[in-house]
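From a predicted model like this one, the values you see are computed outputs, not experimental measurements. Each ligand, and each atom within it, is numbered from 1 in the order the structure gives.
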Amino acid sequence: MTDAAGAPWPPIDAARFRDVLGRFASGVTVVTAVTDEGPVGFTCQAFTSLSLDPPMVALAPGKQSTSWPKIAVAGSFCVNILADDQEELCRRFATPANERPDKFGDVEWRPATGGAPVLAGVLAWVACALMAAHDAGDHELVIGRVLDLGVGSGSPLLYYRGGFGRLAAGS
Ligand SMILES: Cc1cc2nc3c(=O)[nH]c(=O)nc-3n(C[C@H](O)[C@H](O)[C@H](O)COP(=O)(O)O)c2cc1C
(Lines give C-alpha, C1' and ligand atoms only; values in the text may rest on other atoms or scores of the structure.)
Protein backbone atom coordinates (compact mmCIF):
# COMPACT_ATOMS: atom_id res chain seq x y z
CA MET A 1 0.00 0.00 0.00
CA THR A 2 1.31 3.43 -0.93
CA ASP A 3 0.24 7.04 -0.45
CA ALA A 4 -0.80 9.38 -3.31
CA ALA A 5 2.87 10.09 -4.13
CA GLY A 6 3.62 6.36 -4.37
CA ALA A 7 5.61 6.26 -1.14
CA PRO A 8 4.97 3.43 1.32
CA TRP A 9 2.85 4.36 4.36
CA PRO A 10 4.83 4.49 7.62
CA PRO A 11 4.51 1.26 9.61
CA ILE A 12 2.44 1.71 12.79
CA ASP A 13 2.79 -0.89 15.53
CA ALA A 14 -0.63 -2.35 16.45
CA ALA A 15 0.02 -2.32 20.21
CA ARG A 16 1.10 1.33 20.05
CA PHE A 17 -2.00 2.19 17.99
CA ARG A 18 -4.23 0.57 20.63
CA ASP A 19 -2.35 2.23 23.50
CA VAL A 20 -2.57 5.71 21.97
CA LEU A 21 -6.14 5.51 20.67
CA GLY A 22 -7.30 3.83 23.89
CA ARG A 23 -6.67 7.16 25.62
CA PHE A 24 -9.66 8.62 23.81
CA ALA A 25 -12.33 8.12 26.51
CA SER A 26 -15.84 7.46 25.25
CA GLY A 27 -19.23 6.11 26.14
CA VAL A 28 -20.31 2.68 25.01
CA THR A 29 -23.32 1.68 22.91
CA VAL A 30 -25.20 -1.44 21.88
CA VAL A 31 -26.37 -1.27 18.25
CA THR A 32 -29.57 -3.27 17.69
CA ALA A 33 -31.99 -4.26 14.95
CA VAL A 34 -34.86 -6.67 14.37
CA THR A 35 -34.36 -9.41 11.80
CA ASP A 36 -36.40 -12.37 10.57
CA GLU A 37 -34.55 -14.43 13.21
CA GLY A 38 -35.42 -11.97 16.00
CA PRO A 39 -33.52 -9.11 17.62
CA VAL A 40 -29.74 -8.83 17.14
CA GLY A 41 -27.14 -6.47 18.57
CA PHE A 42 -23.49 -5.85 19.32
CA THR A 43 -21.45 -3.61 21.61
CA CYS A 44 -19.95 -0.65 19.76
CA GLN A 45 -17.67 2.06 21.12
CA ALA A 46 -16.94 3.61 17.72
CA PHE A 47 -19.96 5.90 17.57
CA THR A 48 -20.22 9.65 17.09
CA SER A 49 -22.56 12.47 16.26
CA LEU A 50 -21.94 13.48 12.63
CA SER A 51 -24.37 16.05 11.23
CA LEU A 52 -27.16 18.19 12.69
CA ASP A 53 -28.75 19.24 9.39
CA PRO A 54 -29.66 16.69 8.24
CA PRO A 55 -29.35 14.72 11.49
CA MET A 56 -26.82 11.91 11.03
CA VAL A 57 -24.59 9.75 13.20
CA ALA A 58 -21.63 7.51 12.36
CA LEU A 59 -20.42 4.19 13.71
CA ALA A 60 -17.79 1.63 12.81
CA PRO A 61 -18.71 -2.07 12.86
CA GLY A 62 -15.76 -4.41 12.52
CA LYS A 63 -15.72 -6.79 9.58
CA GLN A 64 -15.61 -9.64 12.12
CA SER A 65 -19.02 -8.66 13.48
CA THR A 66 -21.58 -11.40 12.88
CA SER A 67 -24.51 -9.16 13.85
CA TRP A 68 -23.70 -6.14 11.67
CA PRO A 69 -24.44 -7.84 8.29
CA LYS A 70 -27.90 -8.75 9.64
CA ILE A 71 -28.44 -5.21 10.92
CA ALA A 72 -27.43 -3.85 7.50
CA VAL A 73 -30.03 -6.07 5.82
CA ALA A 74 -32.67 -4.85 8.30
CA GLY A 75 -31.90 -1.31 7.09
CA SER A 76 -32.72 0.41 10.36
CA PHE A 77 -31.01 0.20 13.71
CA CYS A 78 -30.97 1.72 17.16
CA VAL A 79 -27.83 2.96 18.93
CA ASN A 80 -28.38 2.38 22.66
CA ILE A 81 -26.08 4.56 24.81
CA LEU A 82 -25.41 2.57 27.96
CA ALA A 83 -25.86 3.77 31.52
CA ASP A 84 -23.22 3.13 34.17
CA ASP A 85 -25.12 0.18 35.68
CA GLN A 86 -25.17 -1.67 32.31
CA GLU A 87 -21.65 -3.12 32.20
CA GLU A 88 -23.05 -6.67 32.20
CA LEU A 89 -25.22 -5.78 29.20
CA CYS A 90 -22.16 -4.29 27.48
CA ARG A 91 -20.18 -7.53 27.99
CA ARG A 92 -23.11 -9.70 26.93
CA PHE A 93 -23.47 -7.89 23.60
CA ALA A 94 -19.69 -7.99 23.09
CA THR A 95 -19.98 -11.77 22.61
CA PRO A 96 -20.31 -12.91 18.98
CA ALA A 97 -23.91 -13.87 18.15
CA ASN A 98 -22.72 -17.16 16.64
CA GLU A 99 -21.26 -18.07 20.09
CA ARG A 100 -24.20 -16.75 22.07
CA PRO A 101 -27.37 -16.80 19.94
CA ASP A 102 -29.55 -15.88 22.97
CA LYS A 103 -27.88 -12.50 23.51
CA PHE A 104 -31.25 -10.86 24.05
CA GLY A 105 -32.36 -13.61 26.49
CA ASP A 106 -34.35 -11.86 29.23
CA VAL A 107 -33.36 -8.33 28.08
CA GLU A 108 -36.39 -6.04 28.06
CA TRP A 109 -36.85 -3.79 25.04
CA ARG A 110 -39.40 -1.89 23.03
CA PRO A 111 -39.38 -1.02 19.33
CA ALA A 112 -38.25 2.45 18.27
CA THR A 113 -39.41 4.16 15.06
CA GLY A 114 -38.26 1.74 12.36
CA GLY A 115 -38.66 -1.22 14.74
CA ALA A 116 -35.15 -1.54 16.20
CA PRO A 117 -34.91 -2.36 19.92
CA VAL A 118 -34.55 0.35 22.54
CA LEU A 119 -33.07 -1.55 25.49
CA ALA A 120 -34.62 -0.94 28.91
CA GLY A 121 -32.61 1.29 31.22
CA VAL A 122 -30.35 2.95 28.63
CA LEU A 123 -29.03 6.47 29.15
CA ALA A 124 -30.15 7.55 25.67
CA TRP A 125 -30.99 6.07 22.28
CA VAL A 126 -30.85 7.06 18.62
CA ALA A 127 -32.97 5.22 16.03
CA CYS A 128 -31.55 5.39 12.50
CA ALA A 129 -32.05 4.40 8.90
CA LEU A 130 -28.91 3.06 7.24
CA MET A 131 -27.74 5.71 4.76
CA ALA A 132 -24.27 4.51 3.70
CA ALA A 133 -21.56 2.01 4.56
CA HIS A 134 -18.01 2.74 3.43
CA ASP A 135 -15.12 0.31 3.39
CA ALA A 136 -12.60 1.32 6.07
CA GLY A 137 -9.80 -1.19 6.54
CA ASP A 138 -10.85 -3.90 8.98
CA HIS A 139 -14.04 -1.94 9.76
CA GLU A 140 -16.87 -0.29 7.85
CA LEU A 141 -17.76 3.35 8.38
CA VAL A 142 -21.53 3.49 8.62
CA ILE A 143 -23.71 6.58 8.41
CA GLY A 144 -27.21 6.58 9.84
CA ARG A 145 -29.97 9.11 9.30
CA VAL A 146 -31.70 9.81 12.60
CA LEU A 147 -35.36 8.75 12.66
CA ASP A 148 -36.06 9.38 16.34
CA LEU A 149 -34.13 9.71 19.57
CA GLY A 150 -34.65 9.99 23.29
CA VAL A 151 -33.14 9.97 26.75
CA GLY A 152 -33.55 7.73 29.78
CA SER A 153 -31.99 8.52 33.13
CA GLY A 154 -28.73 7.98 34.98
CA SER A 155 -25.07 8.53 34.08
CA PRO A 156 -22.94 7.15 31.23
CA LEU A 157 -20.90 3.97 31.24
CA LEU A 158 -17.40 5.05 30.17
CA TYR A 159 -14.69 3.12 28.32
CA TYR A 160 -11.03 4.09 28.69
CA ARG A 161 -7.82 2.16 28.01
CA GLY A 162 -9.66 -1.17 27.81
CA GLY A 163 -11.54 -0.74 31.09
CA PHE A 164 -14.90 0.56 32.25
CA GLY A 165 -15.38 3.68 34.33
CA ARG A 166 -17.97 6.04 35.70
CA LEU A 167 -18.21 9.81 36.15
CA ALA A 168 -16.97 10.99 39.53
CA ALA A 169 -19.75 11.73 42.03
CA GLY A 170 -21.07 15.26 41.64
CA SER A 171 -19.93 15.61 38.02
C1 LIG B 1 -16.20 -1.78 25.14
C2 LIG B 1 -16.29 -2.44 23.79
C3 LIG B 1 -16.33 -1.67 22.64
C4 LIG B 1 -16.45 -2.28 21.38
N5 LIG B 1 -16.52 -1.49 20.26
C6 LIG B 1 -16.69 -2.06 19.05
C7 LIG B 1 -16.82 -1.27 17.89
O8 LIG B 1 -16.77 -0.05 17.93
N9 LIG B 1 -17.03 -1.90 16.71
C10 LIG B 1 -17.11 -3.27 16.63
O11 LIG B 1 -17.32 -3.80 15.54
N12 LIG B 1 -16.95 -4.03 17.71
C13 LIG B 1 -16.75 -3.48 18.91
N14 LIG B 1 -16.61 -4.25 20.02
C15 LIG B 1 -16.51 -5.70 19.85
C16 LIG B 1 -17.83 -6.37 19.53
O17 LIG B 1 -18.83 -6.02 20.47
C18 LIG B 1 -17.61 -7.88 19.53
O19 LIG B 1 -16.71 -8.21 18.47
C20 LIG B 1 -18.88 -8.68 19.40
O21 LIG B 1 -18.55 -10.02 19.57
C22 LIG B 1 -19.57 -8.52 18.08
O23 LIG B 1 -20.73 -9.29 18.15
P24 LIG B 1 -21.37 -9.90 16.85
O25 LIG B 1 -20.41 -10.91 16.32
O26 LIG B 1 -22.66 -10.51 17.33
O27 LIG B 1 -21.58 -8.76 15.92
C28 LIG B 1 -16.50 -3.68 21.28
C29 LIG B 1 -16.45 -4.46 22.45
C30 LIG B 1 -16.35 -3.85 23.69
C31 LIG B 1 -16.32 -4.70 24.93
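The aromatic rings of F77 and W68 lie perpendicular to each other, with more than 60° between the two planes, well past the 30° mark.
Within the listing of ligand 1, atoms 24 (P), 25 (O), 26 (O) sit less than 4.0 angstrom from a heavy atom of A97. For ligand 1, the atoms lying closer than 4.0 Å to a non-hydrogen atom of Q64 are 11 (O), 19 (O). For ligand 1, the atoms lying closer than 4.0 Å to a non-hydrogen atom of P61 are 11 (O). With ligand atoms numbered from 1 in the order given, ligand 1 contributes 1 (C) to contacts under 4.0 Å with heavy atoms of Y159.
At the top of the distance list for atom 9 (N) of ligand 1, counting protein heavy atoms only, stands A60 O, 3.0 Å. Atom 24 (P) of ligand 1 has as its closest protein heavy atom T66 OG1, 3.3 Å. Among all non-hydrogen protein atoms, the one lying nearest atom 26 (O) of ligand 1 is S67 OG, 2.6 Å. Here the protein heavy atom with the shortest distance to atom 18 (C) of ligand 1 is A94 O, 3.4 Å. The shortest contact between atom 5 (N) of ligand 1 and any protein heavy atom is with Q45 N, 2.9 Å. Looking from atom 27 (O) of ligand 1 to the surrounding protein, the closest heavy atom is S65 OG, 2.6 Å. When hydrogens are left out, the protein atom nearest atom 22 (C) of ligand 1 is F42 CB, 3.8 Å; that is the closest non-hydrogen contact. Atom 15 (C) of ligand 1 has as its closest protein heavy atom T43 O, 4.0 Å.
Under the 4.0 angstrom criterion for non-hydrogen atoms, R100 is not in contact with ligand 1. Within the structure, the closest approach of F93 to ligand 1 falls below 4.0 Å when heavy atoms are considered.
Contacts between T95 and ligand 1 below 4.0 angstrom, taking non-hydrogen atoms only, involve the backbone exclusively. Counting heavy atoms closer than 4.0 Å to ligand 1, residue K103 contributes side-chain atoms (C-beta onward) but none from N, CA, C or O.
For ligand 1, one of its N or O atoms has an N or O atom of A46 under 3.5 Å away. The N/O atoms of P96, backbone and side chain alike, include one that comes under 3.5 Å of an N/O atom in ligand 1. Where the criterion is an N or O separation shorter than 3.5 Å, residue side chain and backbone included, G62 meets it with respect to ligand 1.
Among the candidates V57, V118, T29, the single residue satisfying the side chain to side chain contact (heavy atoms under 4.5 Å, CB included) test with V126 is V57. With respect to C78, the side chain to side chain contact (heavy atoms under 4.5 Å, CB included) criterion is satisfied by exactly one of L147, L149, T32, L119: T32.
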Can you check side-chain contact (heavy atoms from CB on, under 4.5 Å) on I71 and V31, steps first, answer last?
CA-CA 9 Å; I71 296 170; V31 179; 4.3 Å; yes

Should D84 and L167 be marked as a side-chain contact (heavy atoms from CB on, under 4.5 Å) after you check the CA-CA gap, both sets of side-chain angles, and the distance that decides it?
CA-CA 9 Å; D84 63 1; L167 291 178; over 6 Å; no

List the steps and the verdict of side-chain contact (heavy atoms from CB on, under 4.5 Å) for L123 and V151.
CA-CA 6 Å; L123 180 65; V151 294; over 6 Å; no

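R100 CZ: more than 12 foreign heavy atoms inside a 6.0 Å radius. In this structure, L52 places its CG atom where only 12 or fewer heavy-atom neighbours from other residues, nucleotides or ligands lie under 6.0 Å away. The number of heavy atoms from other shown groups lying within 6.0 Å of CZ (R16) does not exceed 12. Within 6.0 Å of CG on D102 lie more than 12 heavy atoms contributed by other residues, nucleotides or ligands.
Separation of atoms CD (E88) and CG (L82) is listed at 11.0 Å; rounding is to 0.5 Å. To the nearest 0.5 angstrom, S67 atom OG is 8.5 Å from F93 atom CZ.
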